[in-house]
Every structure is written in C-alpha cells, then in structure tokens.
Trainee: 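Pasting in a structure now, in structure tokens, and then I'll have a few things to ask.
Position 1 is the first residue of the sequence; numbering continues from there. Scope of the values below: all heavy atoms of this structure, side chains included, with no hydrogens, waters or symmetry mates. Whatever order the structure lists them in is the order used to number ligands and atoms, beginning at 1.
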Amino acid sequence: MSKETLGFQTEVKQLLQLMIHSLYSNKEIFLRELVSNASDACDKLRFAATQHADLYEGDGELQIKVSFDKDARTITIADNGIGMSRDEVVAHIGTIARSGTKEFFSQLTGDSAKDSHLIGQFGVGFYSAFIIADKVTLTTRRAGEKEATQWESAGDGEYTLEQVDKAGRGTEIVLHLKEGEDEFLNDWRLRSIITKYSDHISLPILMQKRAEYDDEGKEIPSTELEAVNQANALWTRSKSEISDEQYKEFYKHVAHDFEDPLAWSHARIEGRQEYTELLFVPKRAPFDLYDRDRRHGVKLYVKRVFIMEDSEKLMPQYLRFVRGVIDSADLPLNVSREILQQSRDVDSIKTGCVKKVLSLLEDLRDNRADDYAVFWQEFGKVIKEGVGEDIANKERIAGLCRFASTADEAAGEVVGLADYLGRLKEGQDKIYYITADTLAAAKNSPHLEVFRKKGIEVLLLADRVDEWLVSSLNEFDGRKLQSVAKGELDLSQFEDEAEKKQQEEAANNLKDVLEAIKGALGEQVKDVRVTHRLTDSPACLVVENHDMSANLERLLKSAGQEVRSSKPILEINPEHALVQKLKAEAAGERFGDWSQLLLDQALLAEGAQLEDPAAFVKRLNKLVLA
Ligand SMILES: Nc1ncnc2c1ncn2[C@@H]1O[C@H](COP(=O)(O)OP(=O)(O)OP(=O)(O)O)[C@@H](O)[C@H]1O
C-alpha cells in the first residue's frame with residue numbers, strides 16, 4: 001500500500017499546541033511518557049502471552065531500548081511489547097478517543113498562562129514527543145502480525161501512514177530533534193532522565209554501554225547494552241528502600257498524571273489473601289471524573305504480570321479517583337474479566353483496599369488539614385456518593401465528609417460531622433441540616449431563622465449528591481440527622497415556660513385565620529399551622545418527615561424523572577406584621593390574594609419556581625396599590 005496522508009482530529013492539534021506551550025519548561029518529561037507507554041505495551045504483551053505463548057515469537061525478554069544518534073540528531077525509543085496494528089495506530093495515535101474531550105478543549109481560553117494548568121488534568125502521553133521534536137517517526141508491528149505500519153508527522157496537523165517492514169514485534173519511535181534541543185543527544189543526560197523518572201519500571205531500560213578507553217586514552221566504542229534502571233517493580237521493594245521521590249515518579253507513571261500525588265499507601269497484606277497494594281490519592285481531579293467511560297483506575301497484577309486496568313471490581317465508584325497497583329500472589333494468571341467479576345478472592349482484596357484508602361484519607365484529615373482541604377475541594381462530591389453506595393463503611397465515609405455550616409459563616413469554612421457534634425448545644429440531640437440547590441438559597445432560607453436566634457448550628461447542604469447522602473444516613477455517632485424543613489419542629493428543650501405559653505396563645509389566637517387561609521389555598525397545601533421556626537419571615541413551607549424534600553423533588557424533575565409531588569405544609573409566623581394584617585383582613589375581599597401571596601413568597605424563598613409567575617406579579621401590584 002502506498003503512503004497515505006491523514007489529518008489530525010481538531011482536538012489533537014489543540015492538545016499539541018497547549019502542550020508545547022505549557023510544558024516547555026519541563027520538556028524532559030517526553031522520555032518518561034514514551035518509556036511509560038513502552039512499558040505498558042510490554043505489560044500488555046506479557047498478559048496476552050499467558051493465553052498465547054507464541055506471541056513471544058522467540059523474542060521473550062521484554063525490554064525497552066533508548067539510543068541516540070548525534071549526527072542524525074535523533075533519539076530512538078524502542079520496545080518489543082504488543083505493538084499496534086494499522087487500525088490501532090489510526091485509533092490511538094492521531095485521535096484522542098476519550099469521551100468528554102471536546103468539552104474539555106472547549107474550556108481553553110487561548111491564553112497559555114491560564115490554560116497551562118489544564119494539561120495536568122488531561123495527561124500528556126505520546127504527543128509530548130513534539131515538545132522537543134519537529135518530526136516523529138513511529139514504526140510498529142503488532143505481535144502475531146507480519147506487516148508493520150509507519151506513522152510520521154511533523155505535528156502540524158497531518159500525518160502519513162505507510163506499510164513497511166520491521167524485523168521484530170513492538171514499537172520504535174524516532175524523534176527528530178528541533179533546532180536547539182541538542183542537550184538531549186547526550187548519554188549522561190538521557191541516563192539521568194531515565195533514573196529520575198523511570199527507575200521503577202519493572203523491565204530493563206537498555207542503553208549502549210558507556211565508552212571505555214584503552215591504555216593510550218583512545219575511546220573503545222562498545223556495542224553492548226546495559227540496563228540503566230533498577231528494573232524491579234517498585235511495589236515489590238520494601239518501603240524503607242523507596243524514597244518519596246520514587247513514589248511520586250511511580251505515581252506519575254501509573255496514573256499518567258503530571259503532578260505529584262497527595263498521599264499514598266503501600267502495604268503487603270498476608271493472610272487469607274496475599275497481595276501488595278500501592279495506592280495513590282491524586283492532587284487534582286481528572287477532567288473526566290464524572291464520565292462513566294473514563295479510563296485509568298487501579299491496575300491489577302498477578303505475580304507481577306499485568307492483568308488489567310480500571311476494574312470496578314477493585315475500587316468502588318466513590319473511590320474512582322484512586323490510582324495505583326494491586327499485585328495478587330494467589331489469583332490464577334489466566335484470570336479473565338468474567339472470572340474477576342465473580343471472584344470472592346477479588347472481593348476480599350477490594351474490601352481490604354477500600355479500608356486502606358479510607359484509613360489513608362482519615363490520616364490526611366486528622367494530620368494534614370491543608371492537604372485534606374485540597375482533597376475535599378477536588379473529590380468531596382465523589383466521596384459523598386459513598387455514604388449511599390458503601391453501606392458497610394457508611395459511618396467512616398460520613399466522618400470524612402465536610403459541609404458548609406451556619407457556625408462561623410463568615411469564614412466560609414466547611415465542617416465535619418464530628419466537629420458539629422463537638423459543638424452541640426446543651427440538650428441538643430439531633431444534627432440539623434437544610435438542603436437547597438444553591439448555598440445562597442440554603443443560607444438565606446427562612447427555616448434557619450429560629451436556629452440562628454437560638455445559636456443552634458445547621459449544616460447547609462447544597463451539592464446535588466447531598467440529598468442522596470442524607471437519605472442514606474439516618475444518624476451519625478448515635479445522633480439523628482434532622483432536616484430543618486421537615487416535620488414539626490420541636491425545640492422545646494431550648495425554650496422556657498414563658499416562651500411556650502406565648503406560643504400556645506399565639507396559636508389559639510390565630511385558629512380562625514389558619515382555617516380561613518387553608519380554605520383560600522385549597523388543594524395547594526396539606527395544612528396551615530403556626531410556626532416557631534421564623535423570626536423575620538412571614539411564612540415558610542415544610543414537608544412531613546417521611547416526605548421527599550422540595551429540593552429533591554426539584555432535582556428529580558430537572559433530571560426528567562416523574563415524581564409525585566408531596567403537598568407542603570404552610571407554616572406562618574404569628575408575630576409577623578403581614579400575618580397580623582391578614583388577621584385584620586379576615587373578612588375582607590382581598591383575603592384570598594393575601595393568602596396566595598403568603599404561599600407564593602414562601603415558595604420563592606426556598607428556590608421554587610411559581611407555576612404562574614405573571615399572576616403573582618399582578619396580585620402583588622394589586623395589593624401594593626390598594
Ligand atoms: N509503545 C507503544 N506500544 C503500543 N501501543 C502504544 C505505544 N505508545 C502508545 N500506544 C498506544 O497509543 C495510546 C495513546 O497513547 P498516549 O500516550 O497518547 O496516551 P495514554 O498513554 O493512553 O494515556 P495518557 O494520555 O493519559 O498519557 C495508548 O493507550 C496505546 O494504546
């Protein structure tokens with residue numbers, strides 16, 4: 001087949017530009033990325049060969065070779081891993097086959113200073129070659145196939161594809177260096193980059209042996225190769241032999257991340273199941289955190305043979321940001337996805353690893369508050385999913401959660417449930433919260449008025465996932481969670497006799513008016529009653545304890561779900577001037593309008609949309625002008 005020219009996907013062009021700008025000051029990472037890909041390709045071959053040993057084709061020793069040619073001004077990275085077929089080259093190199101990519105790139109502003117941090121969320125990979133090269137030639141032969149494919153591009157929007165001959169399987173990448181990048185045509189420089197970033201790779205990374213000198217000081221060039229790295233899998237070494245730097249570099253390799261991790265846990269577990277886990281918490285959420293098809297999770301190895309990546313079997317959804325490896329000593333090597341789905345052994349590994357991650361996060365929470373704040377900012381909403389998802393660990397996960405609160409509102413700090421319990425008022429036996437669709441709506445909700453007055457703290461829940469969280473968490477540390485917008489409010493333990501008496505009288509005085517309002521509003525409300533929740537507002541809405549909150553109802557409706565509305569109860573503030581006015585107008589012709597206004601403003605205050613806003617405006621104007 002003759003040479004064909006194809007165009008890059010638009011996003012690839014954008015990625016290349018972004019990368020060259022944002023990574024120029026750290027350009028040596030191209031080698032880490034290419035070596036990392038080569039090592040993944042060898043891992044894949046090793047696994048494929050557990051089923052088809054002939055894939056090794058007499059070239060059994062997996063390795064990566066790095067070389068350079070001063071005269072040609074090229075650097076070559078070659079592996080004898082799985083290689084790629086022509087179709088795979090088109091699919092993987094020249095296209096970014098990740099859903100959400102378009103949306104991600106639409107966030108770019110074109111201002112490289114502003115955009116440069118975004119590259120970290122995306123990962124750099126193969127294209128990082130173009131930071132230092134103005135032409136890249138990739139030649140690859142898929143294991144088990146005869147034909148090889150050559151891909152070549154100057155990174156300017158197009159690439160060529162050609163069928164070629166290649167001696168062995170695997171991939172060879174030749175970088176033709178840009179003007180001014182000659183510092184990389186240097187044995188010492190390349191070796192030190194490999195040691196810095198890729199020492200932990202479990203395969204040997206080979207380079208030509210250093211030149212020796214004869215007695216007369218003449219160079220004897222050697223054609224022998226030697227390993228530049230330690231070439232044993234990092235997680236198999238003992239903790240005391242691994243430096244923080246090495247852990248960080250290993251993380252960047254497994255996670256394809258660009259930044260250091262926030263924390264990690266490394267342990268060898270013995271007992272019913274024997275395995276090693278090395279798990280990392282990233283510092284930043286990837287752009288596709290909420291994408292169901294996202295890739296890159298925890299990698300499963302069996303006796304150091306890579307089996308697969310990104311298995312939900314190894315980490316629950318709410319810990320989907322965790323990266324790293326689990327290496328089992330007991331699972332069979334030819335374990336398939338299907339077997340994994342049902343394996344009890346895998347379940348017990350997962351249970352153990354989840355506990356490790358939770359301990360790691362608790363440690364972060366208790367001992368590294370600033371880092372925990374970073375973590376919470378990035379992954380808090382995902383962790384909250386865990387309260388509903390992981391019943392066995394519900395209480396621990398709830399203990400990790402942070403919420404906005406009415407305590408110290410000015411500081412805008414988020415608080416944990418344990419902090420809340422530590423500040424309970426004398427006689428308080430519940431954890432109070434309010435849900436709303438924005439923090440502002442929660443904060444300004446009329447339901448909080450009496451709590452503010454009495455100095456009782458209320459948690460302000462405004463994340464979508466919060467409704468799910470509170471529906472799964474009835475209590476924490478033995479204390480019930482109670483919505484301030486649900487049920488009859490009983491704060492009698494905080495009230496003195498005089499207050500109680502006054503409330504009773506107020507309710508008695510308004511008895512007839514309550515009935516009249518109820519009559520005027522008809523089917524719109526379940527009941528109308530006097531409240532002690534309010535100090536400043538005339539009215540608010542509540543639902544019964546077992547009913548769905550109005551906020552959840554709105555969330556479900558906006559997600560297109562059909563929900564049976566639960567009728568609210570209108571509670572009115574006997575002290576408020578508007579209510580007093582209503583009482584005075586009880587027999588008047590405007591009573592119906594006043595009642596409707598009371599209901600409508602209570603709805604607006606909790607963030608609801610009126611069914612007939614125009615009628616509301618008309619009614620309001622009529623009453624104002626009367
Ligand atoms: N040396 C190689 N041998 C075989 N396949 C490779 C090789 N290098 C890259 N690939 C294929 O190309 C794909 C894209 O590589 P690229 O480095 O762009 O992204 P990645 O490594 O998958 O992820 P990230 O973008 O997060 O780094 C890889 O997933 C792999 O399928």
Side-chain angles (χ1 to χ4, degrees), residues 8-9 11-16 18-19 23 29-48 55 62-66 75-101 104-105 118-131 136-145 148-151 153 155 159 166 168-175 197-198 201 203 205 251-259 282 284-289 291 293-297 299 306 308-310 321 323:
F8 279 136
Q9 186 193 14
E11 287 79 27
V12 175
K13 280 190 253 174
Q14 288 173 304
L15 176 64
L16 278 174
L18 172 65
M19 197 159 50
L23 300 181
I29 58 113
F30 78 90
L31 194 53
R32 172 184 81 199
E33 298 296 318
L34 297 179
V35 165
S36 201
N37 281 349
S39 145
D40 288 350
C42 291
D43 273 353
K44 284 180 200 159
L45 178 75
R46 192 186 281 140
F47 178 57
L55 287 179
L62 294 169
Q63 55 195 20
I64 302 166
K65 286 183 204 156
V66 176
I75 295 177
T76 301
I77 295 102
D79 65 67
N80 56 357
I82 191 93
M84 283 178 271
S85 66
R86 183 187 180 282
D87 289 351
E88 285 169 327
V89 173
V90 174
H92 298 317
I93 311 280
T95 337
I96 311 174
R98 292 166 68 177
S99 45
T101 302
F104 174 78
F105 280 101
L118 289 170
I119 193 76
Q121 276 174 282
F122 199 78
V124 284
F126 172 77
Y127 299 109
S128 61
F130 288 101
I131 308 175
V136 176
T137 312
L138 172 148
T139 312
T140 184
R141 196 177 116 191
R142 170 115 194 158
E145 288 182 14
T149 307
Q150 189 161 78
W151 177 101
S153 175
Y159 62 92
K166 183 177 183 299
R169 62 156 197 272
T171 304
E172 180 187 272
I173 298 170
V174 181
L175 312 178
Y197 294 115
S198 309
I201 299 264
L203 313 158
I205 302 170
Y251 163 74
K252 289 176 190 169
H253 162 68
V254 279
H256 295 258
D257 196 355
F258 190 66
E259 281 181 86
R284 209 201 294 262
F287 79 101
D288 53 359
L289 185 64
D291 193 330
D293 303 325
R294 87 206 153 265
R295 312 170 306 153
H296 297 326
K299 292 185 177 186
F306 171 71
M308 67 169 171
E309 170 160 48
D310 200 14
F321 53 84
R323 299 289 179 264

Trainee: Is Glu259 paired with Arg284 through a side-chain N to carboxylate O contact shorter than 4.0 Å?
Mentor: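 So Arg284 pairs with Glu259 through a salt bridge.
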Trainee: Which of parallel (below 30°), tilted (30 to 60°) and perpendicular (above 60°) describes Phe8 and Tyr127?
Mentor: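 Plane angle over 60°, so perpendicular.
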Trainee: When Ile82 is tested against each of Arg169, Glu88, Arg142, Arg141 for side-chain contact (heavy atoms from CB on, under 4.5 Å), which residue passes?
Mentor: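 Filter result, single survivor: Arg142.
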Trainee: Just to be sure I'm reading this right: ignoring hydrogens, which of Tyr127, Phe258, Phe126 gets closest to atom 16 (P) of ligand 1? Compare them by their nearest heavy atoms.
Mentor: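 Selected option, by shortest heavy-atom distance: Phe126.
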Trainee: Tell me, please, whether Tyr197 has Lys252 positioned over its six-membered ring: NZ or CZ under 6.0 Å from the ring centre and within 45 degrees of its axis?
Mentor: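 Not flagged: Lys252 not positioned over aromatic ring of Tyr197.
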Trainee: If you count the atoms of ligand 1 from 1 in the order shown, which ones are under 4.0 Å from a heavy atom of Ala41?
Mentor: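 Those qualifying, in numeric order: 2 (C), 3 (N), 4 (C).
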Trainee: Output the list of atoms in ligand 1 that are nearer than 4.0 Å to some heavy atom of Asp79, sorted by atom number.
Mentor: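 Counting from 1, the qualifying ligand atoms are 1 (N), 2 (C).
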